[in-house]
Amino acid sequence: MPKLIRVEPSKCIGCKSCELSCSFKHTGEFSPAKTRIYNEVFIEENAFITVTCMQCDEPWCVKACPKYAIEKNAITGVVVIDENKCVGCRTCVSACPFGMIKFAEWKNKADKCNQCGGDFPECVTFCPTGCLTYSEEDKPLRNKILRFVETVKEGNQEV
Amino acid sequence: MGGWQNKVLRINLSNKKISTEGLNNNWVKSFLGGRGLGVKYLFEELPEKTDPFSADNKLIFVTGPLTGTYGAANGRYMVVTKSPLNNFITSSNSGGYFPSELKYAGYDMIIIEGKSERPVYIAIYNDKVEIRGATNIWGKTTFETEEIIKREFHNDAKIACIGPAGEKQVLFSCIINDKYRAAGRSGVGAVMGSKNLKAIAVRGTGGVKISDKNAFRKAAQVTYSLIKKSPVTAEGLPKYGTAVLVNIIHESGLMPVNNFLREYIENVENISGERIAETILKRNKACMSCIIGCGRVAVVRGEKEVIGEGPEYEPIWSMGADCGITDLDAITKANYICNAYGIDPISAGGTIACAMEMFEKGIITEKDTGMPLNFGNSDAMVKMIEAICKREGFGDVLALGSTRLSEKYGSPEISMGVKKLEFPAYDGRVAQGIGLNYATSNRGACHVRGYTISPEILGVPEKFDPVETQGKAELVKTFQDVTAVVDSVGMCLFTTFALTINEIKDLFNAATGLSYNVDDMLHIGERIWNLERLFNLREGLNPEEDTLPKRLLETPVSEGPNKGLTSRLDILLPEYYKVRGWNKDGLIEKETLQKLNLM
């Protein structure tokens, strides 16, 4: 099973280390406007949300690309842009329902998370709380189930 | 040079002229950035004896070369100006997201000059800078202001603004950014208010470039691992926030209670970091690039309903223990009002504590205050915080701070502070180092200019006996110089629980391409400290003001493990002057100025 960048929202503290490390690795600058992973803070709602490309099994961007410049790698599962083929037409940008592929005006190509192309993902390296992990197993989901199970268990004990 | 954008944004609000210029590179090399660079610009540009509220005063927002990068907690900026509270230099530090966004928009600093006739705000989108009308937001809270500007200008803008208290020039009003982060002390908000400047909103889509990327990444991995190892930055601060100190400082017997009359308060556990974690804390929250995350998102339901950040250790003490109060809901509410209206809770709490003592001694009565103002009265405390913010009734007197309040009623000895700035939450009679630091700090009684509590109480990086006077002058000088460096590169002071100048200089050198060693950095820290001193002397500082209130010098601690102690400033101050290379009257010796290239 291919590995994915997993997000555990309850562990996020809104430091944007993921955005900073992503942009620094891929553009050489610290620039949240150029990141491929997005960390948003909603204090009053008590929520910090981090999102990035989930490397869909049937990617909208792949289907939309008229130049066949985007491919889902059969082994790694990562959806990758071939910048030699990309003409910067932005069709993929409009096709992705999640906004996780964008047009990068600094190189006139489409740009998205490639899980650091074989390196260990930089955002996971620099995440200070373990909110981001890189694994085959969906641990955040497992933790959510365990929290639910815990609630049910406590309820049963009270009865 | 990497790390810098090499651009200063200069805005004159009198003639509405907006211009940009390159950074003065010689000054950058000699003063690093942030606090040091801001002080240098103010020192050179501000006419002598300028009235802080006049159009001539300048308000400088300045970042450091590390602001906007990663590596530990590199999201800070400084507001530098001449303080209306004491006519001395002030620099007030804040984090959040605004400072980094300013860098991403392409600026290292903004210099605000002049005074607008009508309320305005400044809207920055990269190189597009506008001065916009703010009549519709004048009078609004900081929270409302942020919402309105986001709707009007840009939803992703980061905003620094004043609340109604800054507009009304409460002498300890602050500048709030990102809703809960404050450039808090010594009245920077009042200066902004005097200029009729409600807010600065910035949206930046650029980035910060680095001289040596590989070296920077390596240096950052070192700082990450050190911060993740230190018990303070890896355990205490993330788990309990700064309020982790409540129990520690109270138990150590140096938490002042009832305006420094007492040293013990019943039920202190009700206001401890541990209690906050159990009750109102929902989660912790970081500033930009911070891997510590000391901020608290707190929720109080019911009559005193609050959702937001805070409270921190200092407000818990100033509006709590110092006023004889342990009602956490009331403190959280008061803290929220401070953020919404934009005042410094340390000075606000200290001033109310001073008024409470005056009330109990009959120096002021209900006729003055409009309500009973005894120690422990949490309802009155919250009402007075509101009255200060709105400058209503007795709040209008309190809005001038405890020095002016106590002088008005002929009892100046009751004001607890130095150079008109109220004390923070550690008794200088017990920790001799912090007492000396208060007496000599360039902006008045301030704990974040030389936090010797770290060695004296917490034992970090090594334990110093708090009561001992031997070696304290050197310790205070070192802490003050190190702090000047940290404040200037754009990092958070809390990183120094885990990092030394050695790691900080590695980040700095990799970012800028300079090659300073530890001694170079400390030399610059010393230079910054002395330039601030020169500024104050020029503006009329009498070195006799390097002192503490009589209560700390003559009245011993009344109870607890440190009963009987007083500050030994009589021994410490002459030593400190000597270590600093100042003469016995507190003036900087010529050789010292030469050594520091300040002539």
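Below, chains carry the letters A, B, ... as their sequence lines are ordered, and counting in each starts from 1. Computed from heavy atoms alone, side chains included, the values below leave out hydrogens, waters and symmetry copies. All of these numbers come straight from a predicted model, not from anything done at the bench.
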Is it the side chain or the backbone of B:K228 that comes within 4.5 Å of chain A heavy atoms, both, or neither?
side chain
If you look at every heavy atom in B:C290 and A:C15, which pair is closest and at what distance?
O-CB, 3.0 Å
Please classify the contact between B:K179 and chain A as side chain, backbone, both or neither, with a heavy-atom cut-off of under 4.5 Å.
side chain
Non-hydrogen atoms of chain B under 4.5 Å away: do they reach the side chain of A:F24, the backbone, both or neither?
side chain
Contacting moiety of A:S10, where chain B heavy atoms sit under 4.5 Å:
backbone
Evaluate the side-chain proximity of A:P32 to B:Y97: yes if any heavy-atom separation is below 4.5 Å, no if none is.
no
Do other residues, nucleotides or ligands put more than 12 heavy atoms under 6.0 Å from the CZ atom of A:F120?
yes
Students often mix this up, so state it plainly: with edges at 30° and 60°, are the rings of B:Y70 and A:F30 parallel, tilted or perpendicular?
perpendicular
Contact origin within B:F143 toward chain A - heavy atom pairs under 4.5 Å:
neither
For the student: nearest non-hydrogen atoms of B:G207 and A:S31, plus distance:
CA-CB, 3.6 Å
Do A:K34 and B:Y104 have side-chain heavy atoms sitting under 4.5 Å apart?
no
With a strict 4.5 Å heavy-atom criterion, list every residue of residues 76-111 of chain A that contacts chain B, or say none.
none
Residue-level contacts of residues 229-244 of chain B with chain A, using a heavy-atom cutoff under 4.5 Å
none
For the candidates A:T129, A:N39, A:V41, which exhibits the highest count of non-hydrogen atom pairs separated by less than 4.5 Å from chain B?
A:V41
Under a 3.5 Å distance rule, please check whether B:R283 uses its side chain to pair with a backbone N or O of A:N46 as donor and acceptor.
yes
B:V208 versus chain A, heavy atoms under 4.5 Å apart: side chain, backbone, both or neither?
both
